[in-house]
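These notes concern the structure reproduced below.
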Protein chains: 2
Amino acid sequence: MRPNSAEALPTSAPRSTRQKRAVAQLLGELDVFRSAQDLYAELRRRGERVGLTTVYNQLRTMSESGEVDVIRTEDGESLYRLCGSGHHHHVVCRSCGLTIEVEGPELESLAARLASKYHFSEVTHTFEIAGLCSTCACV
Amino acid sequence: MRPNSAEALPTSAPRSTRQKRAVAQLLGELDVFRSAQDLYAELRRRGERVGLTTVYNQLRTMSESGEVDVIRTEDGESLYRLCGSGHHHHVVCRSCGLTIEVEGPELESLAARLASKYHFSEVTHTFEIAGLCSTCACV
DNA sequence: ATTCTTGCAAACTATTTGCAGAACA
DNA sequence: TGTTCTGCAAATAGTTTGCAAGAAT
């Protein structure tokens, strides 16, 4: 919102570090939603020297800049995934995390219609579909 | 799922207690989503002698039986509200919690269409609209 | 009398924060 | 060199659990 919020004002550009690159690259390889803890574990498994705090920092930064999408599981865990730009929704496999980005014009208009019907302003909406993908359903 | 799961198998009917009644009654008076902590505080304010654990227990029981709806805020808090029966979605005021239950046939068919398009089975979907109600927007 | 319920205290879990030392530009 | 970044350890916060005492049937 404000160009210079009181919080963190960085006086210069973000720096490129080994850790940031590792997180970004891992996200680039995956097309599924994963938790911060999962991503951290995977990085360690690969021998990357990264701290959990840094993974969280990086994911927050990337989600704020719109580079990654965040969804929350039923038990409150946050899952992250590199995302395409623009407004979209997801069809997510509960079992393997496989995710398909979808758009729904009729959904958007429905949301807008309901908002105006009840005189709500500054509306946002969430729409997520969870199920079993064809691969996981066979097991 | 299973008639007798290994977990808690109750051998007789649930009992009516002062605490359960207090929680149920409070929910009956409110038409907004409230956190467990909020509900607990309100009960104490009214002089009810109830423990926080009991409020949580009761809310969990009631949500499992479908008596109350649960939504999660952005920061992971659970909000509860007595709900009408049947499948529905919500238009929720971010500021005061005012909630309107809505149905959306086109939404249901869209969800079904997307599921079959990508060969997903056992699908569920979520759809929530959050905004400012007309009252809160004037402030 | 028996079983369910309560609620304090402690445990849990995902996430955030303080901060001193390390790493970039 | 002067920030930014890192990551350990500790703090947070909502929620759950262990369990002994209390209440309902």
Any residue meeting side chain to side chain donor-acceptor pair (under 3.5 Å) with A/Arg49, in chain and number order, not counting sequence neighbours: none

Please list each protein N or O that sits under 3.5 Å from an N or O in nucleotides 8-14 of chain D, with the distance.
| unit_1 | atom_1 | unit_2 | atom_2 | d |
| --- | --- | --- | --- | --- |
| D/dC8 | N4 | A/Thr53 | OG1 | 3.2 |

Apart from B/Leu132 itself, its cluster of hydrophobic side chains linked below 4.5 Å comprises none

Where do A/Leu79 and A/Val70 land on the side-chain contact (heavy atoms from CB on, under 4.5 Å) test, with the steps shown first? CA-CA 6 Å; A/Leu79 304 181; A/Val70 188; over 6 Å; no

Rounded to whole angstroms, how far apart are CD on A/Gln58 and P on D/dT4? 16 Å

Qualifying salt bridge (Lys or Arg N to Asp or Glu O under 4.0 Å) pairs, either residue in residues 97-116 of chain B, two or more places apart: A/Glu106-B/Arg113, A/Arg113-B/Glu106, B/Arg81-B/Glu101

Separation of C/dT6 C1' from B/Arg49 CZ (nearest whole Å): 12 Å

Choosing from D/dT15, D/dT6, C/dT15, which nucleotide comes nearest the side chain of A/Tyr80? C/dT15

Please tabulate, one pair per line, each protein N/O and nucleotide N/O from nucleotides 19-24 of chain D that are separated by under 3.5 Å, including the distance.
| unit_1 | atom_1 | unit_2 | atom_2 | d |
| --- | --- | --- | --- | --- |
| D/dA24 | N3 | B/Arg15 | NH1 | 3.0 |

Salt bridge (Lys or Arg N to Asp or Glu O under 4.0 Å) pairs touching residues 116-139 of chain A, sequence neighbours excluded, are none

Measure the distance from NZ on B/Lys20 to C1' on C/dT6 and round it to the nearest whole Å. 10 Å

Rounded distance in Å - CG (A/Asn57) to C1' (C/dC19): 13 Å

Working for side-chain contact (heavy atoms from CB on, under 4.5 Å), residues A/Leu107 and A/His89: CA-CA 10 Å; A/Leu107 182 78; A/His89 300 280; 3.3 Å; yes

If only side-chain N and O atoms of B/Gln19 are considered, is one of them under 4.0 Å from the OP1 or OP2 phosphate oxygen of C/dG7? yes

Per the salt bridge (Lys or Arg N to Asp or Glu O under 4.0 Å) rule, what does the pair list look like for residues 61-72 of chain A, sequence neighbours excluded? none

Round to a whole Å and report the spacing from CG of A/Leu43 to P of D/dG7. 11 Å

Can you tell me how far C1' of D/dC5 sits from CG of A/Leu59, to the nearest Å? 15 Å

Winner on side-chain proximity to B/Ala36, out of D/dT6, D/dT15, C/dT5, is D/dT15

Considering residues at least two apart in sequence or located in another chain, which fulfil the ring pair (Phe, Tyr, Trp, His ring centres under 6.0 Å) criterion with B/Tyr80? none

Quick one: which residue pairs count as a salt bridge (Lys or Arg N to Asp or Glu O under 4.0 Å) with a foot in residues 20-30 of chain B, not counting sequence neighbours? B/Glu29-B/Arg46

Could you tell me how far apart A/Asp38 (CG) and C/dA14 (C1') are, to the nearest whole angstrom? 12 Å

